[in-house]
Amino acid sequence: MKYTIVALRALKDNYIWLIHDDKNAIVVDPTEAHVVEKYLQQHNLALKLILLTHNHADHTGGVKVLYERYNPECIDNFSQQLADGQILKLTDLDLSIKVLLTPGHTLEHVCYLVDNKHLFCGDTLFGMGCGRVFTNDFVAMYSSLSKIKALPESTLCYPAHEYTANNLRFITSLDSNHAYYQDYAKYLLMKLSSTQNSLPTVLADELRYNLFLRCDDPHVWAMVSAKSGELINDEESCFVALRQLRNKF
Ligand SMILES: [Zn+2]
């Protein structure tokens with residue numbers, strides 16, 4: 001199936017991702033119904049499916065109105081129970097959607113991998129960052145991020161918020177000698193100033209530059225030790241300390 005993926009901006013910094021084949025559409029985390037409706041009407045699309053990554057109001061706000069108006073199928077892991085690796089069976093839409101259970105931000109958080117290429121990762125992975133661990137289960141969050149790390153490097157990641165600029169400021173505050181990602185940071189900031197949109201991001205870049213995916217790197221341990229005052233010498237404590245530094249930033 002040939003399809004297009006569109007970024008719709010909502011609220012202050014949310015993304016609603018919309019996938020369509022010029023006829024049928026899927027939306028991920030439709031926080032504001034009117035934003036989705038406007039696009040559907042302008043492009044004469046039928047909404048067939050809503051995918052929800054988790055049950056936070058800034059992701060689900062538009063569901064009720066869209067459901068009443070278009071009667072799409074709705075998939076989530078808080079009113080339903082999905083299984084890790086489950087392939088969703090869809091009517092009308094010829095693409096494959098695989099569920100990845102990714103607890104940590106919330107207990108029921110899931111990511112959706114479309115055609116083994118496009119990862120809709122909600123509030124688990126952000127451009128140059130990761131989501132807050134509201135469950136306090138840092139081990140679960142770290143293993144969810146490790147699941148994403150294990151995907152092919154060419155995977156395109158579609159987070160639900162535009163936090164890249166803030167995340168870059170955070171990384172710079174830890175690492176004054178940030179020569180290794182200067183060019184990438186420049187590229188991101190240029191993209192943001194011209195389009196206000198740094199996403200999707202390629203997993204290969206996140207693996208190289210996103211510190212939350214580099215907690216197995218002793219250079220990152222040293223950086224986090226220096227900033228937090230804790231002696232870090234394993235990947236999980238590195239992740240916990242890094243996320244706590246980000247919370248305070
Ligand atoms: Zn959330």
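FYI, the numbering just counts along the sequence from 1. Every heavy atom of this structure was used, including side-chain atoms; hydrogens, water molecules and symmetry mates were not. What you see is a predicted model; the values in this text were computed from it and never measured. Atoms within a ligand are numbered from 1 in the order they appear, just like the ligands themselves.
Surrounding NZ of Lys98 are at most 12 heavy atoms belonging to other residues, nucleotides or ligands under 6.0 Å away.
Aromatic ring centroids of His161 and His59 lie under 6.0 Å apart.
Residue side and main chain included, His105 places an N/O/S atom under 2.8 Å of the Zn ion (ligand 1). At a cut-off of 2.8 Å, His109 does not coordinate the Zn ion (ligand 1) through any N, O or S atom.
Of all N/O/S atoms in His56, ND1 sits nearest the Zn ion (ligand 1). The Zn ion (ligand 1) sits nearest to atom OD2 when only the N, O or S atoms of Asp123 are considered.
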Going through the checks in order, is the side-chain hydrogen bond (donor to acceptor under 3.5 Å, both in side chains) test met by Thr53 and Asp29? CA-CA 7 Å; Thr53 58; Asp29 291 348; 2.7 Å; yes
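A salt bridge does not link Glu73 to Lys48: none of the charged side-chain nitrogens sits closer than 4.0 Å to a carboxylate oxygen.
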